[in-house]
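Let me begin by presenting the structure, written as structure tokens, before commenting on it.
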There are 2 protein chains.
Amino acid sequence: MLAVAQKLGYRPNASARTLRTQRSKVLGIVLPTLENPVFAECLQGMAGATAEQGYAIMPMTTQYRLDTEEEAVRQLLSFGVDGVALVVSDAGSSRAITLLRSETVPYVLVYNRHPAHPCVSVAGDAAMHEIVGRLVDLGHRRIAMVCGRLTASDRALQRHLGFCEAMDQAGLTPRPLIEVPFVETATQDIADVLRTPQRPTALVCSNDLLALRTMRAAHECGLSVPQDISITGFDGIGLARDLTPRLSTIAQPNAEMGRAAVTWLLDGVNSRRHPSAADSITLPHRVRWAESCAAAPTHP
Amino acid sequence: MLAVAQKLGYRPNASARTLRTQRSKVLGIVLPTLENPVFAECLQGMAGATAEQGYAIMPMTTQYRLDTEEEAVRQLLSFGVDGVALVVSDAGSSRAITLLRSETVPYVLVYNRHPAHPCVSVAGDAAMHEIVGRLVDLGHRRIAMVCGRLTASDRALQRHLGFCEAMDQAGLTPRPLIEVPFVETATQDIADVLRTPQRPTALVCSNDLLALRTMRAAHECGLSVPQDISITGFDGIGLARDLTPRLSTIAQPNAEMGRAAVTWLLDGVNSRRHPSAADSITLPHRVRWAESCAAAPTHP
DNA sequence: TTGAAAGCGCTAACAC
DNA sequence: GTGTTAGCGCTTTCAA
């Protein structure tokens, strides 16, 4: 009989099953953008892990816009997803999360870190300490940080905080933050700083894409990386390894983070015990030290 | 009454509606991987276009594996998607497509080009002619192509064909193809060629990721780009613009291609007239000429 | 204009 | 075991 069904090409109807069981076997995913490989890699990990368990994913992108975050969650809810994994701009104030909680749909945050929510993340501040420490060991004293708009992301904020702490601990004064519009290709703001007489000898960037652009800016100012200036990134996107010079960065296990998030979520769905803040997961990061950093120039 | 429903937080149940209307408002997407930004950018375009129309997407990745392509389609079918946009390895022999046709689910291929299927793509062969032509104009004679495994993708094959034709037309003999394992970080095969006495003065790569790795290989051989060797890519991933040196490449409108594919698909779903091969769309590409290319060295 | 009823295809419960 | 049935929440049709 089973064989007959097979032969006739019978395929159970998912919506009927969903209607009956109240389980859609779909997870909603909310991400800022797929244009940053860090999120694409993460989504790839999620796709792999869910497929293994017969689940599908439904991704929505927000362009870092708060209203879009909420709208995305609303949409996912209306599609009846069994759970949601999200990367939000600011976990503390996210209306998207509020919505999720009010509907008692299980959710997990990824990359965000917040004591009140279940999160899968890395210790961004500790990572910053490590990378700044290395630069200091190499003789760098004038170190500045390059950031996207801080208000756009609690991750950037946390990384900046870690940077300031680390500088403080090393007895150094952090240079003024170089804030770059997130989406644009402009290198002007960075170049301006690099043309000052007491320019930094090292630039710590809040993500790899920004680091790439910073390397570009250095080049346009006639500076060589790493001879004249050291540059570091954050995220560990795959591409960074193939760059010339190879980018020093904090490598996060992006695909793993995605896997961990959906696995946790699925456990929650199956056991009917929603992921809780107390069980938040911190995955190990790795300082991937590479060619974009060297000892501070002796005659700056 | 509507207001009351609103106030009570009423949210129509998607699976009940789907069951009744036989319309899920979900499109399936099949992609090789999200690790290559070209597909991530495309998916981003798809996400945007579908969201605007109240549709959701369900992506599956195949890692370029044929059996996974078929399995992905099978899964999507069982989830009851209204249509499928796919990037397959080889449109001519894809069992995934056969499956789709047998179920009469509307589908559109993206990046693939094949006379028997509805496709959204760019003219890869013509693009190759243009880029080779430019190199020849700059005095390059010894030009070789770097490719992923040809068998893995009809796109690579087509690009290679275009390369050979263009070389032929210029009265030049194509150098032996440099075939690189697609996923690995190895630069050895490329470096080997670059260390031969009559090394190529230009390397044409079948995609941007490979071009990045090729730049790396050149660097490791002590060659400067573009002074000693010119390098071109294909795809136009966003990152290429921020590289140093900026990568010359064939820029495809990746997000646009995604948008066009799902828009076409949705038109098909709504009008009940499936996208047909005869209406295939060729989007314009652009040769993005940049710093990674220069005149052939006079004393090679 | 408003209301009632049938049925989409499945699963779970219960009867045989 | 094997068969029957109710009902998940919606849309559509037909009746009042």
Side-chain angles (χ1 to χ4, degrees), chain A residues 1-28 50-51 53-58 60 71-84 99-107 265-274, chain B residues 1-28 50-51 53-58 60 71-84 99-107 265-274:
Chain A
M1 189 166 82
L2 205 78
V4 172
Q6 203 88 334
K7 192 150 291 179
L8 289 172
Y10 168 76
R11 200 187 299 294
N13 179 312
S15 42
R17 169 186 284 141
T18 298
L19 183 58
R20 182 65 244 249
T21 61
Q22 309 292 17
R23 281 272 139 79
S24 63
K25 296 220 156 203
V26 178
L27 294 183
T50 46
Q53 308 208 32
Y55 265 72
I57 53 177
M58 196 173 271
M60 305 255 161
E71 181 52 30
V73 167
R74 213 176 288 279
Q75 275 231 55
L76 291 172
L77 251 22
S78 89
F79 272 104
V81 297
D82 290 345
V84 181
L99 187 54
L100 242 15
R101 299 192 91 137
S102 74
E103 302 271 337
T104 61
V105 171
Y107 71 92
L265 213 41
L266 288 180
D267 283 354
V269 170
N270 294 328
S271 68
R272 296 162 163 288
R273 292 175 21 80
H274 290 196
Chain B
M1 189 168 80
L2 204 79
V4 172
Q6 205 87 331
K7 191 149 294 179
L8 289 173
Y10 168 74
R11 201 187 300 293
N13 179 310
S15 41
R17 171 187 281 141
T18 299
L19 183 58
R20 182 65 245 250
T21 61
Q22 309 289 16
R23 280 270 139 78
S24 62
K25 297 222 159 203
V26 178
L27 294 183
T50 47
Q53 310 207 29
Y55 266 71
I57 53 176
M58 196 174 271
M60 306 257 159
E71 181 52 31
V73 167
R74 214 176 287 280
Q75 275 233 54
L76 291 172
L77 252 21
S78 90
F79 272 105
V81 298
D82 290 345
V84 181
L99 186 54
L100 241 16
R101 301 191 88 139
S102 75
E103 303 270 336
T104 61
V105 171
Y107 71 93
L265 213 41
L266 288 180
D267 283 354
V269 170
N270 294 327
S271 68
R272 298 163 161 287
R273 291 175 20 80
H274 290 197

Kindly give the heavy-atom pair with the smallest separation between [X] and [Y], and that separation in Å.
{"X": "B:Ser78", "Y": "A:Ala14", "answer": "O-CB, 3.1 Å"}
{"X": "B:Leu76", "Y": "B:Met58", "answer": "CD2-O, 3.6 Å"}
{"X": "A:Phe79", "Y": "B:Tyr55", "answer": "CZ-C, 4.4 Å"}

Would you say A:Ser102's side chain and A:Leu99's backbone share a donor-acceptor pair under 3.5 angstrom?
yes

Side chain B:Ser24, main chain B:Gly80, donor-acceptor under 3.5 Å:
yes

Output a table of nitrogen or oxygen pairs between the protein and nucleotides 7-11 of chain C separated by less than 3.5 Å.
{"from": "C:dC8", "atom 1": "O3'", "to": "B:Gln22", "atom 2": "NE2", "distance (Å)": "3.4"}
{"from": "C:dG9", "atom 1": "N2", "to": "A:Ala16", "atom 2": "O", "distance (Å)": "3.3"}
{"from": "C:dC10", "atom 1": "OP1", "to": "A:Tyr10", "atom 2": "OH", "distance (Å)": "3.0"}
{"from": "C:dC10", "atom 1": "OP1", "to": "A:Asn13", "atom 2": "N", "distance (Å)": "2.8"}
{"from": "C:dT11", "atom 1": "OP1", "to": "A:Arg17", "atom 2": "NE", "distance (Å)": "2.8"}
{"from": "C:dT11", "atom 1": "OP1", "to": "A:Arg17", "atom 2": "NH2", "distance (Å)": "3.1"}
{"from": "C:dT11", "atom 1": "O2", "to": "A:Arg20", "atom 2": "NH1", "distance (Å)": "2.4"}

Are B:Val105 and B:Leu77 close enough, and set up right, to give a side-chain contact (heavy atoms from CB on, under 4.5 Å), and what steps lead you there?
CA-CA 8 Å; B:Val105 171; B:Leu77 252 21; 3.7 Å; yes

Heavy-atom count check: over 12 atoms from other residues, nucleotides or ligands less than 6.0 Å from A:Arg11 CZ?
yes

Count the heavy atoms of every other residue, nucleotide or ligand shown that sit under 6.0 Å from CZ of B:Arg23, and state whether that count exceeds 12.
yes

According to the Watson-Crick and G-U wobble definition with distances under 3.5 Å, which dot-bracket string, read 5' to 3', encodes DNA chain D, using [ ] for crossing pairs and | for pairs with another strand?
|.||||||||||||||

Rounded to the nearest 0.5 angstrom, the NZ-CD distance for A:Lys25 and B:Gln75 is 9.5 Å

Apply side-chain contact (heavy atoms from CB on, under 4.5 Å) to A:Asp82 and A:Val269, showing your working.
CA-CA 7 Å; A:Asp82 290 345; A:Val269 170; 4.2 Å; yes

Terminal contacting nucleotides, 5' and 3', DNA chain D versus chain A (heavy atom, 4.0 Å):
D:dA6 to D:dG9

